[in-house]
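Below is one structure, written out as structure tokens, with a few remarks after it.
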Amino acid sequence: MNRLLIAGIVIISTAPLHAQRQQQNVAKLKADAQKVVSVISGDKAKTQAYCEARDIAEQIVQAGQQKDNEKVEELAGKLTEQSKNLGSEYLALMESLRNVNLSSKDAQEIESMFDTLDESCPH
């Protein structure tokens with residue numbers, strides 16, 4: 001499920017970035033992901049924003065499965081706004097993940113870094 005959420009966020013996130021990053025090597029991407037997780041987990045407001053974004057992403061997946069494009073569009077706007085609360089590093093990471101094969105071992109390692117954040121969210 002985590003992979004679907006990350007894929008949904010990556011696909012739907014259209015927030016403009018202040019500086020576009022060129023394709024990064026995987027080691028830097030992993031370091032960036034670890035930094036983002038650390039920043040979010042160390043800030044209660046960002047952790048709450050992450051959990052809310054995660055919930056919205058789950059709703060997007062459900063609406064997509066129900067082929068409710070209107071709801072997907074509405075939720076995508078909410079997700080974009082909520083993602084901005086996670087900081088520029090998060091937005092840059094999500095943009096960089098667009099260039100990564102989400103089924104690769106490296107992407108799975110990055111995904112697993114977010115598991116600790118997921119555990120902090122109410123279920």
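Positions are given from 1 along the sequence.
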Q | Polar side-chain atom of Ser38 near backbone of Gln34 as donor-acceptor pair, under 3.5 Å | A | no

Q.
Rounded at 0.5 Å granularity, tell me how far CD in Glu74 sits from CD1 in Ile60.
A. 10.0 Å

Q) So do Leu29 and Asp106 actually touch side chain to side chain, heavy atoms under 4.5 Å? A) no

**Q.** Spacing of Lys35 atom NZ and Leu93 atom CG [to the nearest 0.5 Å]
**A.** 11.0 Å

(Q) I want to check something: taking the side chain as every heavy atom from C-beta on, are Glu89 and Asp32 in contact at a cut-off of under 4.5 Å? (A) no

Q: Check whether any side-chain heavy atom of Lys46 lies under 4.5 Å from a side-chain heavy atom of Asn85, and answer yes or no.
A: no

Q) Closest approach of Ser41 and Thr47, non-hydrogen atoms and distance? A) CA-OG1, 3.7 Å

Q: Kindly give the heavy-atom pair with the smallest separation between Gln82 and Ala49, and that separation in Å.
A: NE2-CA, 3.0 Å

Q: Heavy atoms only: give me the nearest Asp118-Tyr50 pair and the separation to one decimal.
A: OD1-OH, 2.7 Å

Q: Kindly give the heavy-atom pair with the smallest separation between Ala33 and Met113, and that separation in Å.
A: CB-SD, 3.7 Å

Q: Please work out which of the three classes, parallel, tilted or perpendicular, describes the rings of Phe114 and Tyr90, given edges at 30° and 60°.
A: perpendicular

Q.
Using a 6.0 Å cut-off, check whether atom CD of Glu109 has over 12 heavy atoms from anything other than its own residue.
A. yes

Q) Taking atom types as modelled, is there a side-chain donor on Glu58 or Gln62 under 3.5 Å from an acceptor on the other? A) no

Q. Charged N to carboxylate O below 4.0 Å: is that the case for Lys78 and Glu81?
A. no

Q: To the nearest 0.5 angstrom, please state how far the CG atom of Asp55 sits from the CG atom of Leu75.
A: 11.0 Å

Q) Looking only at heavy atoms, which two atoms of Val72 and Gly64 are closest? And how far apart? A) CG2-N, 3.7 Å

